[in-house]
Amino acid sequence: MMRSLDRYLQEAGLLQVEAQRIQVPLGDWGGRLGSLLSLDARETWKAISAPIAARFQLPEQEVLDLIDRASQEWNELQTKWSLAIAYGQKPAAS
């Protein structure tokens with residue numbers, strides 16, 4: 001994916017394209033950023049818990065319990081989320 005991001009920017013005509021991978025904390029252990037990312041991840045998974053439960057023929061409560069357990073593990077294991085970032089410079093107008 002990382003190579004795709006910078007390639008897409010170059011194909012779009014951007015110059016001096018830079019790409020990097022960063023790791024951010026996921027969970028309360030990572031301070032405010034980690035807490036906010038954890039909340040966002042939990043709520044995203046909860047929002048799609050019904051379709052996941054239906055797809056895997058599980059009770060929705062079981063899926064919600066798995067989401068809660070994953071959230072606890074993010075803190076216990078001090079999980080980091082790896083993100084790819086790419087940016088470039090718009091060419092000067094001719």
Side-chain angles (χ1 to χ4, degrees):
M1 169 129 169
M2 181 67 143
R3 283 175 270 172
S4 299
L5 286 175
D6 55 350
R7 187 183 79 231
Y8 293 148
L9 293 178
Q10 289 169 345
E11 289 173 0
L14 295 179
L15 306 173
Q16 299 180 13
V17 173
E18 297 286 333
Q20 59 184 328
R21 186 170 302 278
I22 63 169
Q23 290 194 347
V24 293
L26 181 60
D28 297 335
W29 72 271
R32 183 167 168 76
L33 176 61
S35 294
L36 290 172
L37 286 173
S38 175
L39 175 63
D40 190 43
R42 273 194 319 269
E43 294 305 314
T44 299
W45 284 108
K46 286 180 182 179
I48 61 172
S49 62
I52 292 171
R55 168 64 179 89
F56 294 102
Q57 299 177 353
L58 297 169
E60 187 174 0
Q61 187 58 51
E62 188 173 334
V63 174
L64 292 170
D65 291 344
L66 288 169
I67 294 166
D68 287 340
R69 180 64 190 136
S71 177
Q72 292 170 7
E73 287 183 7
W74 298 334
N75 284 308
E76 291 168 10
L77 302 175
Q78 295 192 347
T79 300
K80 293 181 181 174
W81 201 338
S82 183
L83 301 174
I85 298 174
Y87 54 92
Q89 180 181 3
K90 184 177 176 180
S94 308

Same cluster or not: are [X] and [Y] linked, directly or through other Ile, Leu, Val, Met, Phe, Trp or Tyr residues, by side-chain heavy atoms under 4.5 angstrom apart?
X: L9; Y: I22; value: no
X: L26; Y: V24; value: yes
X: L14; Y: Y8; value: no

#### Entry: Partners meeting side-chain hydrogen bond (donor to acceptor under 3.5 Å, both in side chains) with Q57 (sequence neighbours left out)
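For Q57 there are no side-chain hydrogen bond (donor to acceptor under 3.5 Å, both in side chains) partners, ignoring immediate neighbours.
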### side-chain hydrogen bond (donor to acceptor under 3.5 Å, both in side chains) partners for D68, two or more places apart
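D68: no side-chain hydrogen bond (donor to acceptor under 3.5 Å, both in side chains) contacts found.
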### Query
Which residues pass the side-chain contact (heavy atoms from CB on, under 4.5 Å) test with L58, sequence neighbours left out?
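Residues passing side-chain contact (heavy atoms from CB on, under 4.5 Å) with L58: F56, E62, V63.
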### Task
Quick one: pull up CD in E18 and CG in L5 and give me the separation to the nearest 0.5 Å.
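Spacing of CD (E18) from CG (L5) equals 13.5 Å.
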### Task
Quick one: pull up CD1 in I67 and CD1 in I52 and give me the separation to the nearest 0.5 Å.
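Nearest 0.5 Å value for the CD1-CD1 distance: 6.0 Å.
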### Closest heavy-atom pair and its distance - P25, L33
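What the structure gives for the nearest pair is CD-CD2, 4.1 Å.
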### Task
May I have the step-by-step check of side chain to side chain contact (heavy atoms under 4.5 Å, CB included) for D65 and Q61, ending in yes or no?
CA-CA 6 Å; D65 291 344; Q61 187 58 51; 2.8 Å; yes
Pairs under 3.5 angstrom only: tabulate donor-acceptor contacts from the side chains of residues 76-89 to other protein residues two or more places apart or in another chain.
unit_1 : atom_1 : unit_2 : atom_2 : d
E76    : OE1    : R69    : NH2    : 3.4
E76    : OE2    : R69    : NH1    : 3.2

Show me the donor-acceptor pairs within less than 3.5 Å that the side chains of residues 41-50 make with the rest of the protein, sequence neighbours left out.
unit_1 : atom_1 : unit_2 : atom_2 : d
R42    : NH1    : S38    : OG     : 2.7
R42    : NH1    : S71    : OG     : 3.1
T44    : OG1    : D40    : O      : 2.8
S49    : OG     : K46    : O      : 2.9
S49    : OG     : E60    : OE2    : 2.7

### Task
For residues 23-36, pull every pair meeting side chain to side chain donor-acceptor pair (under 3.5 Å), keeping only residues two or more places apart or in separate chains.
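As it turns out, the side chain to side chain donor-acceptor pair (under 3.5 Å) pairs with a partner in residues 23-36, which skip direct neighbours, are D28-S35.
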